[in-house]
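Working notes, structure below.
Each ligand, and each atom within it, is numbered from 1 in the order the structure gives.
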Amino acid sequence: MQIGEQLYAGKAKSVYATDNADILLMRFRDDTSAFDGEKKASLARKGAVNNQFNAYVMGQLEKAGVPTHFEGLHAANESLVKRMEMIPLECVVRNLAAGSLCRRLGIKEGTELTPPTYELFLKSDALHDPMINESHAATFAWATVAELGRMKELTFKVNDVLKQLFLDAGLLLVDYKLEFGRYRGDVVLGDEISPDGCRIWDARTREKLDKDRFRQDLGNVIEAYEEVARRLGVDLG
Ligand code: TMP
Ligand code: ASP
């Protein structure tokens with residue numbers, strides 16, 4: 001496979017064209033950011049860990065019937081994905097209260113959320129990823145009502161699969177963020193699933209094993225990501 005020009009560079013990943021018009025290369029960089037890019041660092045091994053973590057999780061989701069853009073690993077920190085038209089929304093499910101939910105609603109961190117909550121955010125660093133609802137998304141044509149329904153359905157299906165997968169590894173899936181795209185008329189899971197975009201706690205001690213270690217200066221960020229990967233049985237090469 002020939003790798004072509006860089007099409008896009010986000011805060012943690014870069015996307016390249018390939019000689020197949022339907023396939024893109026996604027490079028996971030070591031760059032790490034939080035607070036809409038205000039806090040930044042380069043964390044050795046992160047790109048490779050997240051790439052291999054994502055490959056494993058996307059594979060499990062495909063097996064469970066969730067359509068994903070993932071096509072295959074290309075290198076330790078690179079994967080091949082379907083070229084999609086991305087929907088500029090972030091879909092968040094929360095099983096336990098943490099992060100912005102606690103700040104916004106005054107809920108105590110760790111409170112069990114039954115049923116889990118579902119939230120939509122507009123993907124815009126300039127606007128600080130504001131929370132929106134389905135009415136905004138339809139009015140401003142970020143997604144159709146049918147697409148929004150499918151995104152919600154798939155986001156909860158991911159919860160069914162991953163909550164149990166993580167629990168079996170002694171981990172709590174606290175919350176996570178998904179992004180979707182359009183591919184040949186279908187809504188398909190895109191972006192990545194990794195400890196950058198999820199909250200994951202040790203099931204017994206509730207120790208944080210995700211990007212909150214970076215956000216909150218808790219140290220051992222990548223060591224925690226590797227611990228999660230190891231417990232799930234991800235092959236880190
Ligand atoms: P929040 O508590 O900050 O709203 O985040 C909820 C989940 O979504 C958490 O697992 C982190 C993830 N997330 C991202 O991956 N990227 C983002 O830009 C935001 C706002 C959240
Ligand atoms: N990913 C976002 C950023 O880099 C938000 C976050 O994860 O805190 O700013």
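Of the heavy atoms in Ser100, both backbone and side-chain atoms come closer than 4.0 Å to ligand 1. Residue contacts with ligand 1 for Asp129 involve side-chain atoms from C-beta outward but no N, CA, C or O (heavy atoms, distance under 4.0 Å). Contacts between Lys123 and ligand 1, counted as non-hydrogen atom pairs separated by less than 4.0 Å, are absent for every part of the residue. Counting heavy atoms closer than 4.0 Å to ligand 2, residue Arg215 contributes side-chain atoms (C-beta onward) but none from N, CA, C or O.
Here the CZ atom belonging to Arg199 is positioned 11.0 Å from the CG atom belonging to Leu96, to the nearest 0.5 angstrom. For the atom pair CG of Leu61 and CG of Asn54, the computed distance is 9.0 Å after rounding to the nearest 0.5 Å. Arg213 CZ to Ile222 CD1: the interatomic distance, rounded to the nearest 0.5 Å, is 11.0 Å. Separating the CG atom in Leu7 from the CZ atom in Arg83 is a distance of 5.5 Å, to the nearest 0.5 Å.
Residue contacts with ligand 1 do not include Lys211, since none of its heavy atoms lies under 4.0 Å from the ligand. Distances shorter than 4.0 angstrom do not occur between any heavy atom of Glu119 and any atom of ligand 1.
Close approach to Ser33 involves these atoms of ligand 2, each under 4.0 Å from a residue heavy atom: 3 (C), 4 (O), 9 (O). With ligand atoms numbered from 1 in the order given, ligand 2 contributes 3 (C), 4 (O), 9 (O) to contacts under 4.0 Å with heavy atoms of Gly37. For ligand 1 and Gly99, the ligand atoms under 4.0 Å from any heavy atom of the residue are 2 (O).
Closest protein heavy atom to atom 2 (C) of ligand 2: Lys11 CE, 4.0 Å. Regarding atom 9 (O) of ligand 2, its nearest protein heavy-atom neighbour is Asp36 N, 2.4 Å. Ranking the protein heavy atoms by distance from atom 1 (N) of ligand 2 puts Lys211 NZ, 3.4 Å first.
Partner of Lys11 under the side-chain hydrogen bond (donor to acceptor under 3.5 Å, both in side chains) criterion, chosen from Thr32, Asp196, Asp125, Asp31: Asp125.
For the pair Lys46 and Tyr225, the cation-pi criterion (under 6.0 Å, within 45° of the ring axis) is not fulfilled.
Of the polar atoms of Asp196, none of the N or O atoms is found under 3.5 Å from an N or O of ligand 2, judged by distance alone. Residue Arg215 has no nitrogen or oxygen atom sitting less than 3.5 Å from a nitrogen or oxygen atom of ligand 1, judged on distance alone. For ligand 2, the polar-atom distance check against Asp125 finds no nitrogen or oxygen pair separated by under 3.5 Å. Considering backbone and side-chain N/O of Arg104, none are found under 3.5 Å from N/O of ligand 1.
Within the 4.0 Å cut-off (strictly below), no protein heavy atom is located near atom 21 (C) of ligand 1.
There is no path of hydrophobic side-chain contacts, each under 4.5 Å, that joins Val174 to Val57. Cluster membership check: Ile87 does not share its hydrophobic cluster with Val92, using side-chain heavy-atom separations under 4.5 Å among Ile, Leu, Val, Met, Phe, Trp and Tyr.
Between the choices Arg103, Arg199, Lys177, Glu90, the shortest heavy-atom distance to atom 8 (O) of ligand 1 belongs to Lys177. Of the listed options Leu173, Asp175, Asp36, Asp175 places a heavy atom closest to atom 10 (O) of ligand 1.
Side-chain contact check for Asp160 and Gln164: no donor-acceptor pair (N or O, by modelled atom type) lies under 3.5 Å.
Looking at Arg182 and Glu147, a side-chain N of the basic residue comes within less than 4.0 Å of a carboxylate O on the acidic one, giving a salt bridge.
Using modelled atom types, one side-chain atom of Arg29 and one backbone atom of Gly10 make a donor-acceptor pair closer than 3.5 Å.
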Tell me, with the steps shown, if Lys13 and Asp191 meet salt bridge (Lys or Arg N to Asp or Glu O under 4.0 Å). CA-CA 9 Å; Lys13 297 191 293 299; Asp191 191 47; 2.8 Å; yes

